Participant: 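Attaching a single structure in C-alpha cells format; questions to follow.
Since this is a predicted model, take the numbers as computed values, not measurements. Letters go in sequence order (proteins before strands), and every chain restarts at 1.
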Amino acid sequence: DAKTTQPNSMESNEEEPVHLPCNHSTISGTDYIHWYRQLPSQGPEYVIHGLTSNVNNRMASLAIAEDRKSSTLILHRATLRDAAVYYCILDGTGANNLFFGTGTRLTVIP
Amino acid sequence: SAVISQKPSRDICQRGTSLTIQCQVDSQVTMMFWYRQQPGQSLTLIATANQGSEATYESGFVIDKFPISRPNLTFSTLTVSNMSPEDSSIYLCSATGTPTDTQYFGPGTRLTVL
C-alpha cells in the first residue's frame, strides 16, 4: 500500500481556515485519497475522498495536486468540535481496506 | 449511512481468558472490518469479516488468536482469545456498503487485560 506522510500536529485558531497537508509521492493511478478523522474517545468518521479532481462537501474541501503526489484537506472555518486526529489514507485495492498512518492531531484554539 | 453499535463498550478481563465483541449494523452492508487501536496509536486492520466464509486476516493476525464470525449481512463478532496484557486496546468494527463506499465505524470496545 502506498504510504502517506502527514505532520504530527497542527494548531488553528477558532473560526479560521485550516489546511491539513498530506504527501503521497508513491500514489498509483487507481488510488483513491480518503480523509477520516477521529474525535477523542470515538471511532473514526469519514470526512471526504477523491481521485483526481478537487472535492467539496458539507464538512470540508479536498484539494488534490495535479500530479496527485500530495493533497490538502481544507476546513473552511475551524470550530472546537473539529479538534481531532485527521488521517489521510490511500486505497487502491478496491477492497476498501484502510491502512491508517499516524495522522495529524489538530488543536483548535478558542 | 450506517449506524454501528458494539458490545461491550468496555471490559476488564483476566489474563488467559477470552472475550467476544459483538458488532451490529443497522442496515445490510457488503463489507465488515475489525481494527485494533493500541493506547496512543493509530488503527491497525486486523481482518475483513466475510459473510459465510472465513475472515481474511492481515499480516501479524491469526485466526486462532482472533476468531471472527459473520453469520449475516448485519452482524459480526471478534473474539480475543487467551488474552494477555498486550491485548489491551480499543477494538473497532467498521462497515461499508460497497468497496468504494464510505466506511462507517463503531464506537469501539475498550479492553483492559490484567
Participant: Should B/F105 and B/F33 be marked as a ring pair (Phe, Tyr, Trp, His ring centres under 6.0 Å) after you check the CA-CA gap, both sets of side-chain angles, and the distance that decides it?
Facilitator: CA-CA 9 Å; B/F105 286 82; B/F33 305 92; 8.6 Å; no
Participant: If you count heavy-atom pairs under 4.5 Å with chain B, which of A/P44, A/G103, A/G101 comes out on top?
Facilitator: A/P44
Participant: Which region of B/Q6, side chain (C-beta onward) or backbone (N, CA, C, O), has a non-hydrogen atom less than 4.5 Å from a non-hydrogen atom of chain A, or is it both or neither?
Facilitator: neither
Participant: Is it the side chain or the backbone of B/L92 that comes within 4.5 Å of chain A heavy atoms, both, or neither?
Facilitator: side chain
Participant: Classify the side-chain pair A/E15/A/T79 by whether it contains a donor and acceptor separated by less than 3.5 Å.
Facilitator: no
Participant: Within the 3.5 Å criterion, strictly below it, is a donor on A/H24 or A/T5 matched to an acceptor on the partner's side chain?
Facilitator: no
Participant: Taking B/N82's backbone N and O only, do any of them form a donor-acceptor pair with B/S18's side chain (distance below 3.5 Å, no angle check)?
Facilitator: yes
